[in-house]
There are 2 protein chains.
Amino acid sequence: MSFSHFDAEHCFINKFTTLIAGKWKPILLYLIQNDINRFSLMMEHVPNISRKVLTEQLRGLESDGLIYRDELKSKAPKVVIYHLTEKGEKLRQLVDEIIRWGMTYDKEEVPDEMKKILDSDFAQ
Amino acid sequence: MSFSHFDAEHCFINKFTTLIAGKWKPILLYLIQNDINRFSLMMEHVPNISRKVLTEQLRGLESDGLIYRDELKSKAPKVVIYHLTEKGEKLRQLVDEIIRWGMTYDKEEVPDEMKKILDSDFAQ
DNA sequence: CGGAATCCGATACGATACTG
DNA sequence: CAGTATCGTATCGGATTCCG
C-alpha cells in the first residue's frame with residue numbers, strides 16, 4: 001500500500017475539506033440545502049458574518065461548482081437566489097452525515113433545544 | 001426550523017471541519033488510521049511538509065483529543081507512536097466515507113493506479 | 001529520532017463605508 | 001437587495017537552523 005499519492009492536492013479527503021474550506025462555507029452549504037438561499041436571509045441566519053466575507057465564500061462555492069447564482073431579471077430590487085449544482089447535490093448526503101456525526105460525537109455538548117431542532121429537521 | 005444556532009462555533013458541520021481544519025490534518029488522520037504513525041514515516045509519505053508544520057498539525061490533533069502520543073521510554077533514539085483516541089476512532093468511518101465520496105465525485109479525475117490502491121485498501 | 005525556535009510571506013477574516 | 005471597495009489584523013504555512 002503506497003501513500004505517496006496522498007499529497008494535499010490529490011488526497012480524496014483533502015479534496016473534500018478544501019472544497020468546503022473557509023469558516024462559513026459548510027454552514028452556507030447547509031443553509032442553501034435547506035432553502036435559506038438568498039443573501040439577506042443568510043446574513044440574518046449567520047451571526048457575525050460581514051457582507052464582504054459572505055460574498056467571498058459564496059463566490060468560492062460558486063467557482064468550485066457547488067452552487068450557482070440565479071439572478072432574477074427584475075428591475076429595481078435585485079433578487080438573487082442560490083442553488084446547489086448537480087455537483088453540490090452530491091455533497092448533500094455527506095453534509096447530513098457529518099451533522100449526524102456531530103450530534104453523536106459528544107452527546108453532552110448538544111443542548112436539548114438543538115436536538116429538537118435537528119430531530120425536526122431530519123425526521124420525516 | 002431555526003438556523004440561528006448555526007454560528008461557526010456551534011454548527012455541527014463546522015465542528016467537524018474545524019477539527020480537521022489545516023492543510024494536512026485530514027491526511028495525517030488517514031495515515032494514522034492506517035498505521036503510518038510515526039514522525040519520520042509521515043515525513044516520508046507526505047510530500048513537501050516541513051518538520052515544523054507536521055509538528056503543529058499533530059499537536060493540533062492531539063489537543064483536540066483525536067490522537068495521542070505514545071512516547072516509548074527507550075533511551076537514545078527517541079520513539080514516538082501516534083494512535084487514534086476513542087474520539088478519533090469515531091471519525092474513522094466518516095473519513096472513509098469522505099474518501100469514497102471523493103472516488104465517485106469526479107470519476108474521470110481518479111487515475112486508475114489510485115483506484116487500485118484504494119480498492120485494495122478498503123476491500124476485504 | 002523527533003522535535004523546538006525563529007523569521008517571514010501569503011491568505012483569510014473582519015469592520016466600515018459606498019453603490020447600481 | 002445584493003453586493004464593491006478599502007483597509008487593517010490575525011492566523012497559517014513554509015524555510016531554515018539548532019537540540020536532547
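- Both I49(B) and V79(A) sit near DNA chain D, but only V79(A) has its closest nucleotide nearer the 5' end.
- Residues of residues 53-60 of chain A that place a heavy atom closer than 4.0 Å to DNA chain D, in numerical order, are T55(A), R59(A).
- The NZ atom of K52(A) sits 23 Å away from the P atom of dC1(D) (whole-angstrom rounding).
- Phosphate contact (OP1/OP2 of dG3(C), side-chain N/O of Y82(B), threshold under 4.0 Å): present.
- Rounded to whole angstrom, the span from the CZ atom of R51(B) across to the C1' atom of dG3(C) amounts to 8 Å.
- From one end of the helix from dC1(C)-dG20(D) to dG20(C)-dC1(D) to the other, with five pairs defining each end axis, the axis direction shifts by 60° (rounded to 10°).
- Distance CG (D70(B)) to C1' (dC1(C)): 15 Å, rounded to an integer number of Å.
- Here the NZ-CD distance, from K15(A) to E9(A), works out to 12.0 Å after rounding to the nearest 0.5 Å.
- Atom CD in E71(B) sits roughly 9 Å away from atom C1' in dG2(C) (whole-Å rounding).
- Within the 4.5 Å cutoff, side-chain heavy atoms of V79(B) are placed close to those of R38(B).
- Note on R69(A): a side-chain N or O is less than 4.0 Å away from OP1 or OP2 of dG3(D).
- Here the side chains of I98(A) and M103(A) are not in contact, with every heavy-atom distance at 4.5 Å or above.
- Here the CD1-CG distance, from I13(B) to L29(A), works out to 6.5 Å after rounding to the nearest 0.5 Å.
- K25(A) places its NZ atom 12 Å from the C1' atom of dT11(C), with the value rounded to the nearest Å.
- Atom CG of N37(A) is separated from atom P of dG3(D) by 12 Å (rounded to the nearest Å).
- For L41(A) and dC1(D), the CG to C1' distance is 11 Å, given to the nearest whole Å.
- Salt-bridge formation is detected for the pair R92(B)/E89(B): a Lys NZ or Arg NE/NH1/NH2 atom is positioned less than 4.0 Å from an Asp or Glu carboxylate oxygen.
- Look at E56(B) and K52(B) and you find a salt bridge, because one of the NZ, NE, NH1 or NH2 atoms lies within 4.0 Å of a carboxylate O, short of that distance.
- For the residue pair F39(B) and Y82(B), the shortest heavy atom distance occurs at N-CE1, 4.5 Å.
- Counting only heavy atoms from C-beta outward, the side chains of Q33(B) and V95(B) approach each other to under 4.5 Å.
- Looking at heavy atoms from C-beta onward, L54(A) lies in side-chain contact with L28(A) at the 4.5 angstrom threshold.
- Spacing between atom NZ of K23(A) and atom C1' of dC12(D) amounts to 15 Å, rounded to whole angstrom units.
- For V80(A), taking side-chain heavy atoms from C-beta onward, the closest of the listed nucleotides dA15(C), dC1(C), dA2(D) is dA2(D).
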